2 protein chains.
Amino acid sequence: MAMGRPREFDAETALDQAMEVFWRHGYEGATIAQLTEAMGINPPSLYACFGNKEGLLRAALDRYTKLRGVWMDEVVAAPTARDVAERMLMGIADKQTDPANPPGCLLVQGGIACGTGSENVPFELAARRAQNEDQLRDRFVRAKAEGDLIQTSDPVALARYVSAVAVGMGVMASSSADREALRQVASVAVQAVEAQSAGG
Amino acid sequence: MAMGRPREFDAETALDQAMEVFWRHGYEGATIAQLTEAMGINPPSLYACFGNKEGLLRAALDRYTKLRGVWMDEVVAAPTARDVAERMLMGIADKQTDPANPPGCLLVQGGIACGTGSENVPFELAARRAQNEDQLRDRFVRAKAEGDLIQTSDPVALARYVSAVAVGMGVMASSSADREALRQVASVAVQAVEAQSAGG
DNA sequence: CCAGATATGTAGTGTTCACTACAAATGTGG
DNA sequence: CCACATTTGTAGTGAACACTACATATCTGG
């Protein structure tokens, strides 16, 4: 009985636009005015759909990590730990300098430090980064079990390491590092994984 | 002829307090009210001494990089490229989890992404990080000339790599990574430098 | 002791922020 | 066609922000 007036905008398309604004300006740097303009809607529509600014960020993060999760599945499908690291870091070098997106990574750009009232935003981002790290860790645990990584290697530390390099590359990308520079970093970084690989 | 009323606070002590606030909340997240309270002064004193909020940040960054520069000199004094990397990254693991300071690194926490009107803050931070990278690069160039690094190694890429790892560790530290986790990352990271070292 | 100069504390300034009342518009079920 | 439910656009709301006018206080040089 009575379904109400239908929404006139597509939530996912609007989220993509919001994602870009957060990505470029960070959570605190992004204003509702910028967000609504990018999304092509007015503030009341935003609040009716996403609750508040933080709810919008969470929705954007959900969408970001969902897209990214598909890619991560391809990454961990690489045959060896070394190839996983290389595929991940080289892919990140390309993605973080893709002109179709703002530079860097939303999970870093979103907000490393925030002011009073937004203290949980950095934690929110950290939790999403931790998901990637867990996925890497599981893959490296398997690599060690398969004898691909040497027995003295620590899969947890390796996953942390690759994750840290990825974050560092994201910060570099956001401060105008070019693709070649990021690839150089990735190339060197992979050598540490090689050093823990059997026959490497 | 008439020197005026003397300042009642010590500028460097006040800067240390401001530094901590920027470190913890980022440039945009830090408010003048928080800054003045931490510094123990009133807004007019702040503006008379530092110009504006951005001027205060620059002064805090100057002080931060000055203190850090002393430490970096010790780092590059290590005998080999490998030891330079180890000393730097292990030292960072300790410093970024020192309870005497906010977690992470001011040059990252200060603001990776900022809103309209503060666009140059991220560049300001990036420029300071680049100084460290340059210092590392010079050291690695020397290491290669000395035969400490193998002839196929790229000192520029190596410096970029170590710098990227340091930044990544900073982000990890700010999201509650403990000292042991950072040391693990440092330990793995050093292996990439070892792989480019003569006799490594 | 006085004039010039700078610092300080109080108490604001205008602006921008996230967020929302409200009425009009647009749909559905009976 | 008629309640009813929900969305939309306009136009604000109070709060927080960076920053400052101004009177007072505290110094130096003569």
Side-chain angles (χ1 to χ4, degrees), chain A residues 1-15 17-19 21-22 24-61 110-111 113-121 124, chain B residues 1-15 17-19 21-22 24-61 110-111 113-121 124:
Chain A
M1 66 229 355
M3 302 286 276
R5 177 174 174 175
R7 183 174 294 144
E8 290 184 5
F9 64 95
D10 178 58
E12 292 207 330
T13 306
L15 260 186
Q17 306 306 319
M19 196 169 77
V21 175
F22 282 132
R24 198 174 296 278
H25 298 290
Y27 174 75
E28 292 192 312
T31 70
I32 296 291
Q34 288 173 325
L35 290 164
T36 53
E37 186 185 349
M39 299 167 84
I41 60 177
N42 290 309
S45 300
L46 190 159
Y47 284 91
C49 190
F50 302 104
N52 57 15
K53 189 182 177 185
E54 208 170 317
L56 176 62
L57 174 71
R58 269 194 295 269
L61 290 176
C114 280
T116 311
S118 311
E119 294 91 345
N120 40 339
V121 168
E124 191 85 31
Chain B
M1 64 224 4
M3 301 286 277
R5 177 174 175 176
R7 183 173 293 143
E8 290 185 3
F9 65 95
D10 177 59
E12 292 207 329
T13 306
L15 260 186
Q17 307 305 319
M19 195 170 78
V21 175
F22 282 132
R24 199 174 294 280
H25 298 291
Y27 175 74
E28 293 193 310
T31 70
I32 297 290
Q34 288 173 326
L35 289 164
T36 52
E37 187 186 350
M39 299 167 84
I41 61 177
N42 290 310
S45 300
L46 190 159
Y47 285 90
C49 191
F50 301 104
N52 56 16
K53 189 182 176 184
E54 208 170 317
L56 177 62
L57 174 70
R58 270 193 294 270
L61 289 177
C114 279
T116 311
S118 311
E119 294 92 345
N120 41 339
V121 168
E124 190 85 31

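Residue numbers begin at 1 in each chain, while the letters A, B, ... track the order of the sequences. In this text, all values refer to a predicted model and were calculated from it rather than measured experimentally.
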Inset, instruction - May I ask you to evaluate whether A/S45 reaches the phosphate of D/dT8, defined as a side-chain N or O under 4.0 Å from OP1 or OP2? - result: yes

Legend entry - Heavy-atom pair with the smallest gap, counting every atom of A/A60 and A/L15: N-CD2, 3.6 Å

Inset, instruction - Using modelled atom types only, decide if a donor and an acceptor are shared between the side chain of B/N52 and the backbone of B/G55 within a distance under 3.5 Å. - result: yes

Inset, instruction - Whole angstrom is fine here: how far is it from CE in A/M3 over to P in D/dA3? - result: 21 Å

Inset, instruction - Using the closest heavy atom to pick a nucleotide of DNA chain D for each, name whichever of B/A33 or B/P44 lands nearer the 5' end. - result: B/A33

Inset, instruction - Would you check if the side chain of A/E119 reaches a backbone N or O of A/G117 as a donor-acceptor pair within less than 3.5 Å? - result: yes

Legend entry - Whole-Å distance separating the CD atom of A/E8 from the C1' atom of D/dT6: 12 Å

Legend entry - side-chain N/O A/Y47 vs C/dT20 OP1/OP2, d < 4.0 Å: no

Inset, instruction - Round to the nearest Å and state the distance from A/R7 atom CZ to D/dT8 atom P. - result: 7 Å

Legend entry - side-chain N/O A/R5 vs C/dA25 OP1/OP2, d < 4.0 Å: no

Inset, instruction - Using atom CD of B/Q34 as one end and atom P of D/dA16 as the other, report the distance to the nearest whole Å. - result: 12 Å

Inset, instruction - Return the value, rounded to whole Å, for the distance between atom CD1 of A/I41 and atom P of D/dG9. - result: 9 Å

Inset, instruction - Quickly, which of B/L57, B/V121, B/L61 forms a side chain to side chain contact (heavy atoms under 4.5 Å, CB included) with B/F22? Name it, please. - result: B/L57

Inset, instruction - Starting from P on C/dG14, measure out to CD1 on B/I32 and report it in whole angstrom. - result: 19 Å

Legend entry - Separation of C/dT16 C1' from A/K53 NZ (nearest whole Å): 12 Å

Legend entry - A/P6 side chain, from C-beta outward: closest of D/dT8, C/dT26, C/dT8: C/dT26

Inset, instruction - Could you tell me whether the side chain of A/E28 and the main chain of A/G115 form a donor-acceptor pair under 3.5 Å? - result: yes

Legend entry - Protein-nucleotide distance (B/Y27, atom OH; D/dC17, atom P), rounded to Å: 14 Å

Legend entry - Residue met sooner reading DNA chain C from 5', once B/G4 and B/P43 are mapped to nucleotides: B/G4

